[in-house]
Enquirer: 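Can you read through this structure? Questions will come right after.
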Amino acid sequence: MRRKAILLAIVFVAILLGSVDVHAQCAMCRAAIEGEGNSTKAEALNDGIVYLMVIPYVLVGVIGYIIYRMRKNKRV
């Protein structure tokens, strides 16, 4: 069981460290930003979208971990 948890942790860290540069703009946002010709605004918009997208996943992960720990402690 412990070995499985360690392997899962290693896979999770590898996924986090192996991030890929994404372009997460919708078509309307992309057209508005590209029309201005300002690449720093486009990068800032991408960063903001990715930041907002990551927060729910982190919250669900933390809540899932808390539930896992609570259920694990009840078994003992």
Enquirer: Does Met53 belong to the same Ile/Leu/Val/Met/Phe/Trp/Tyr cluster as Val60, with side-chain heavy atoms less than 4.5 Å apart forming each link?
Expert: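 Different hydrophobic clusters.
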Enquirer: If you round to the nearest 0.5 Å, how far is CG of Leu7 from CZ of Arg3?
Expert: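 Answer for the CZ-CG pair, Arg3 versus Leu7, is 9.0 Å.
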Enquirer: For the hydrophobic clusters of this structure (ILVMFWY residues joined by side-chain heavy atoms under 4.5 Å, transitively), does one cluster hold both Tyr51 and Leu59?
Expert: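 The answer is yes; both residues are in one hydrophobic cluster.
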